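Since the structure comes first, as structure tokens, the remarks are kept for the end.
Just so it is clear, the structure is predicted and the values come from calculations on it, not from any experiment. If you read the sequence from its start, that first residue is 1, and numbering goes on from there.
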Amino acid sequence: MFSPQHRQARFGGAQKVVLIVLAAVGGLALVGCLSCGGLAWFGWSAGMEAIATEVRSKYGDNPAIQEHIGEIEGFSMNFTKSQQAREEYGNDDVLLFDISGPKGSGEMIIERQRGTKGFSGAILRTENGEEFDLD
């Protein structure tokens, strides 16, 4: 009685409109998520870079760093090891940075002061496991 062409003609237009609306809403949601994620990543990166710059300027000339690392060539936050250091020291304000220079490499563990931009302590852990208090 009804042919497929008749059904297509009768319901095809409404289905197309719904599909277009759903695609538009989905596309806007995707763009919104990507934009928010990008802004969050940018903010996080800028914040971590500011902390790294502050740590380098405060501790870069420390005699222990100059003796075991030399002039700092590589300095970056290690998120995985930061979490391990938080557990090791039982302190949520601990950050760990990988540090390297012409004389060697290691890890720099710092403790942030809550509510300020300062640091309350820092330790250099060399690649052979020696630890040096930097404050």
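Judged as a side chain to side chain contact (heavy atoms under 4.5 Å, CB included), and not counting sequence neighbours, the contacts of Val25 are Val21. Residues passing the side chain to side chain donor-acceptor pair (under 3.5 Å) test with Glu87 are Gln83, sequence neighbours excluded. Under the side chain to side chain donor-acceptor pair (under 3.5 Å) criterion, Asp92 pairs with no residue, sequence neighbours left out. Shown here are the salt bridge (charged side-chain N to carboxylate O under 4.0 Å, His left out) partners of Asp93, two or more places apart in sequence or in another chain: Arg112, Arg114.
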Run the side-chain donor-acceptor check on residues 70-80: report pairs under 3.5 Å with partners two or more places apart or on a different chain.
unit_1 : atom_1 : unit_2 : atom_2 : d
Asn78  : OD1    : Thr80  : N      : 3.3
Asn78  : OD1    : Lys81  : N      : 3.0
Asn78  : ND2    : Asp98  : OD2    : 2.9

Show me the donor-acceptor pairs, under 3.5 Å and distance only, between side chains in residues 127-135 and residues at least two apart or in other chains.
unit_1 : atom_1 : unit_2 : atom_2 : d
Glu127 : OE1    : Ser105 : OG     : 3.0
Asn128 : OD1    : Thr126 : OG1    : 2.4
Asn128 : OD1    : Glu130 : N      : 3.4
Asn128 : ND2    : Glu130 : OE1    : 3.4
Glu131 : OE2    : Arg125 : NE     : 2.9
Glu131 : OE2    : Arg125 : NH2    : 3.1
Asp133 : OD1    : Asp135 : N      : 3.3
Asp135 : OD1    : Tyr59  : OH     : 3.1
Asp135 : OD2    : Tyr59  : OH     : 3.4
Asp135 : OD2    : Gly121 : N      : 3.4
Asp135 : OD2    : Ala122 : N      : 3.1

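Using a 4.5 Å heavy-atom cutoff, the side chains of Leu95 and Arg86 are in contact.
To the nearest 0.5 angstrom, Glu49 atom CD is 4.5 Å from Thr53 atom OG1. Here CG of Leu124 is found 13.0 Å from CD1 of Ile110. Values are rounded to the nearest 0.5 Å. Taking CD1 of Ile65 as the reference point, atom CE of Met108 lies at 4.0 Å (rounded to 0.5 Å).
Listed by first and then second residue, the ring-ring contact (aromatic ring centres under 6.0 Å, His included) pairs involving residues 19-38 amount to none (not counting sequence neighbours).
Members clustered with Leu96: Tyr89, Val94, Ile109, Ile123, by chain and number, using a 4.5 Å side-chain heavy-atom cutoff among hydrophobic residues. The hydrophobic cluster containing Val18, built from Ile/Leu/Val/Met/Phe/Trp/Tyr side-chain heavy atoms closer than 4.5 Å, also comprises Leu22.
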